[in-house]
> 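Below is one structure. I have some questions about it.
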Amino acid sequence: MTRTTINELSNHVGQEVQLDGWVYNSRSGGKLGFLMLRDGTGIAQCVLSKSDVGDDAFALFGRLTQESSVTVTGTVSADERAPGGYEIHAQSLSVTQMAEEYPISPKEHGTAFLMDHRHLWLRSRRQHAIMLVRHEIIKACRDFFDSNGFILMDTPIITPNAVEGTTTLFGLNYFDRFVYLTQSGQLYSEAAAAAFRKVYCFGPTFRAEKSKTRRHLTEFWMVEPEMAYCDLEENIHWAEEMVAFMVGRVLESRREQLDILERDTAPLEGLKTPFPRLSYTEAVDVLKQADVDFEWGGDFGGGDETIISEKYDQPLVVHRFPAAIKAFYMKLDADDERLALGMDILAPEGYGEIIGGGQREDDYALLLKRLKEANLPEDKYQWYLDLRRYGSVPHSGFGMGIERAVAWICGLPHVRETIPFPRMLNRVEP
RNA sequence: UCCGGAGUAGCUCAAUUGGUAGAGCGGGUGGCUGUUAACCACUAGGUUGGGGGUUCGAGUCCCUCCUCCGGAGCCA
């Protein structure tokens, strides 16, 4: 008797095996029953014949409730009638725990109800597929940086610094000192880059914005590389290659999950680097040609981004924004001082901004001037200014929002399903 | 914060002009040896989001509060 899991069934045809898992669904005939068993690696059909398992086990099968935990033993066979192609002809059935009435029935539910039961919803086939794609995306990012000479340097979650003064931060009482939950690891990554040359951080970030849209969470995950001796061009190159690598990996390893999600993979398969590029000024012209009332100098809204990126079937790099609408640390364009050397990457198919980044200001005096203009407390940024006092070099980096990337690659309308336990304006539970 | 929409059975939704609150799923009982979100029969299940008002009569009309959803702003 081999104890195995559902994803391994094809290697055990003709053998007697033991499966442990949960009741996904069951159907019964008078003397024949079908138990859909979920074990975390997949779902398999177990066929129970009264004459094989005996009266007691068959009666037990009849009493099984959805999501009860059970152990089934039986012989594996290939059968076209079975979802997944393999099934178990059961010899025995035992129950670890008989579940109470399960709130999530096999029929449709609303998202509010499902979110209230997120801890259980994660067991469903669709959520399972999304989480596996998320896992693959995160793993691909790490593999990409690890294999390109980047060092993982974790950055603090509790911080006295606002990375961007304009955004709202979650405050925290830290032994009677007022501190924040981080909104980006970037400033610390800049210090790390001066120590290790190429680094990345991967962690949760927090934004106390009262955003109520399909693209916003108050707690989300970002991967943020930072490179010393790196200008805007090279920064864009790294971002493009990372996105291409990530998408390629998901297509290679998680096709089954994309199928479950009914994701049309053609747009993903067509991805090619380098991605098309548009300067901010060119993007404004695109908007004007589309009869959008937009003045040079303003920031793009979600609708503007959609209009701009709709013209391309590739991720779109938009670069060189007006410095006035960008963060204090962005380096100014030597060719046009109104511009900052920032870049965003907009995902195709209307998914909008997934990456934001740029070249950092490396001149001490200019950085200090910009810091003051942004009304940020100078004393809290002394350590950051030190980086420009001691061997300052051109350096750049970017951040990618994991949930937005997952939503795009899975083809989901909302980021709330892309993270196990979403935190939003009106949701901190479960 | 602003604009729009929605709250009816455990869940998803119906309910005509203001006139006896219903169905499917899920639960319970029984039936069925190849089911595919199985099917068939029977059955239990309701303070129609809260409060107030109009009316012979309110799920339906009016006022008010609450909650949620979608969008805007801001951003990854």
Side-chain angles (χ1 to χ4, degrees), chain A residues 24-36 43-52 58 62-63 65-67 77 79-85 87 89 99-117 120-121 124-126 163-169 183-186 203-224 239 298-305 325-327 344-347 351-357 398-408 413-416 418-419 424-427:
Chain A
Y24 196 70
N25 196 3
S26 68
R27 298 178 271 275
S28 76
K31 290 165 186 148
L32 187 67
F34 298 92
L35 165 60
M36 303 304 291
I43 296 173
Q45 172 165 284
C46 305
V47 185
L48 287 90
S49 163
K50 193 173 187 175
S51 56
D52 288 347
F58 199 77
R63 292 196 303 274
T65 51
Q66 197 185 346
E67 289 298 325
S77 68
D79 195 309
E80 283 183 1
R81 293 169 295 185
E87 64 183 17
H89 287 266
E100 295 176 27
E101 189 180 333
Y102 194 64
I104 303 177
S105 67
K107 286 276 180 169
E108 75 270 24
H109 298 277
T111 46
F113 175 82
L114 289 168
M115 275 301 171
D116 286 341
H117 297 84
L120 303 176
W121 190 20
S124 78
R125 193 194 299 261
R126 184 182 161 79
V163 177
E164 305 180 23
T166 53
T167 8
T168 322
L169 293 148
Q183 58 186 172
S184 165
Q186 182 202 313
T205 49
F206 307 87
R207 306 274 167 100
E209 293 155 2
K210 296 201 170 179
S211 302
K212 281 180 73 171
T213 78
R214 63 184 66 190
R215 317 226 285 247
H216 287 86
L217 298 168
T218 52
E219 176 183 299
F220 64 98
W221 288 69
M222 274 209 293
V223 58
E224 297 178 274
D299 212 349
F300 300 133
D304 301 326
E305 282 183 356
I325 58 168
K326 287 291 172 183
D344 286 350
I345 296 187
L346 308 181
Y351 278 90
E353 186 177 352
I354 55 168
I355 284 178
F398 64 88
M400 182 181 76
I402 294 300
E403 289 75 19
R404 286 188 181 178
V406 175
W408 164 47
H414 202 300
V415 292
R416 68 186 156 207
T418 63
I419 184 167
M424 297 178 290
L425 186 56
N426 289 314
R427 178 165 303 277

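Per chain, numbering begins at 1; letters A, B, ... match sequence-line order.
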> Can you measure A:D116 atom CG to B:rG49 atom P for me and round it to whole angstrom units?
17 Å
> Taking A:T205 for the side chain and A:F220 for the main chain, is one N or O donor matched with an acceptor at less than 3.5 Å?
yes
> Categorize A:P103 for me: base, sugar-phosphate, or nothing, with a 4.0 angstrom heavy-atom threshold over every strand shown.
nothing
> Tell me what A:G110 touches on the nucleic acid: a base, only sugar-phosphate, or nothing, going by heavy atoms under 4.0 Å.
sugar-phosphate
> Quick one: list whatever passes salt bridge (Lys or Arg N to Asp or Glu O under 4.0 Å) with A:K50, sequence neighbours left out.
none
> Measure the distance from CZ on A:R214 to P on B:rC75 and round it to the nearest whole Å.
20 Å
> Mind checking if A:I355 touches a base, just sugar-phosphate, or nothing, with heavy atoms under 4.0 Å?
sugar-phosphate
> Over how many whole Å does the gap from A:F300 atom CZ to B:rA72 atom P extend?
16 Å
> Separation of A:H414 atom NE2 from B:rA76 atom P, in whole Å?
18 Å
> A:L48 CG to B:rC32 P: how many Å, rounded?
17 Å
> Is it the case that A:S184 and A:E224 place a side-chain donor and acceptor less than 3.5 Å from each other?
yes
> Need one value for A:Q45: base, sugar-phosphate or nothing, where a base atom within 4.0 Å counts as base even if backbone is also close, heavy atoms only.
base
> Output yes when at least one side-chain N/O atom of A:N426 is less than 4.0 Å from OP1 or OP2 of B:rC69, else no.
yes
> Check step by step if salt bridge (Lys or Arg N to Asp or Glu O under 4.0 Å) holds for A:R427 and A:E219.
CA-CA 11 Å; A:R427 178 165 303 277; A:E219 176 183 299; over 6 Å; no
> Can you tell me which stems RNA chain B forms, taking runs of 3 or more consecutive Watson-Crick or G-U pairs with both distances under 3.5 Å?
B:1-7 with B:66-72, B:10-13 with B:22-25, B:27-31 with B:39-43, B:49-53 with B:61-65
> Kindly say whether, by distance alone, the side chain of A:R416 makes a donor-acceptor pair under 3.5 Å with the base of B:rC69?
no
> A:K212 NZ to B:rG73 C1': how many Å, rounded?
13 Å
> When you measure from the side chain of A:E305 to the backbone N and O of A:F300, does any donor-acceptor pair fall under 3.5 Å?
no
> Determine the interatomic distance between P on B:rA6 and the same-named atom on B:rC62; round to the nearest Å.
12 Å
> Select base, sugar-phosphate, or nothing to describe what A:D299 touches, counting heavy atoms under 4.0 Å on all strands.
sugar-phosphate
> How far, in whole Å, is B:rC65 from B:rU1 if one measures between their P atoms?
13 Å
> Over all strands shown, is A:F34 touching base, sugar-phosphate only, or nothing at heavy-atom distances under 4.0 angstrom?
base
> A:E87 near the nucleic acid: base, sugar-phosphate alone, or nothing, with a heavy-atom cut-off under 4.0 Å?
base
> Nearest to the side chain of A:F113 - B:rC75, B:rC32, B:rU12?
B:rU12
> Specify the closest pair of heavy atoms between A:R215 and A:V415, including all atoms of both residues, with the distance to one decimal.
C-CG2, 3.8 Å
> Answer yes if the side chains of A:T418 and A:H414 hold a donor-acceptor pair under 3.5 Å, and no otherwise.
no
> Just compare B:rU33, B:rC74, B:rG70 and give me whichever is closest to any side-chain atom of A:K31.
B:rU33
> If I take atom CD1 in residue A:I325 and atom P in nucleotide B:rC75, what distance separates them, rounded to the nearest angstrom?
8 Å
> Show the distances under 3.5 angstrom between N or O atoms of the protein and N or O atoms of nucleotides 23-28 of chain B.
none

> Tell me which of A:L425 and A:S51 sits closer to the 5' end of RNA chain B, going by the nucleotide each one is nearest to.
A:L425
> State whether the side chain of A:Q66 and the backbone N or O of A:I104 hold a donor-acceptor pair below 3.5 Å, judged by distance alone.
yes
> Are A:Y102 and A:T65 packed together at the side-chain level, in the sense that at least one heavy-atom pair is separated by less than 4.5 angstrom?
no
> Any base atoms under 4.0 Å from A:T111, or only sugar-phosphate, or nothing? Heavy atoms, all strands.
nothing
> If you look at every strand shown and take non-hydrogen atoms under 4.0 Å, does A:M400 touch a base, only sugar-phosphate, or nothing?
nothing
> Taking the P atom of each, how far is B:rA44 from B:rC2, in whole Å?
48 Å
> Quick one: does any side-chain atom of A:R207 pair with a main-chain N or O of A:Q183 as donor and acceptor, under 3.5 Å?
yes
> Going through the checks in order, is the side chain to side chain contact (heavy atoms under 4.5 Å, CB included) test met by A:L35 and A:Q45?
CA-CA 6 Å; A:L35 165 60; A:Q45 172 165 284; over 6 Å; no
> In whole Å, what separates the C1' atom of B:rC40 from that of B:rG50?
43 Å
> Closest nucleotide of RNA chain B for A:S26 versus for A:H89: which of these residues is on the 5' side?
A:H89
> Spell out yes or no: do the side chain of A:H109 and the base of B:rC11 have one donor N/O and one acceptor N/O closer than 3.5 Å?
no
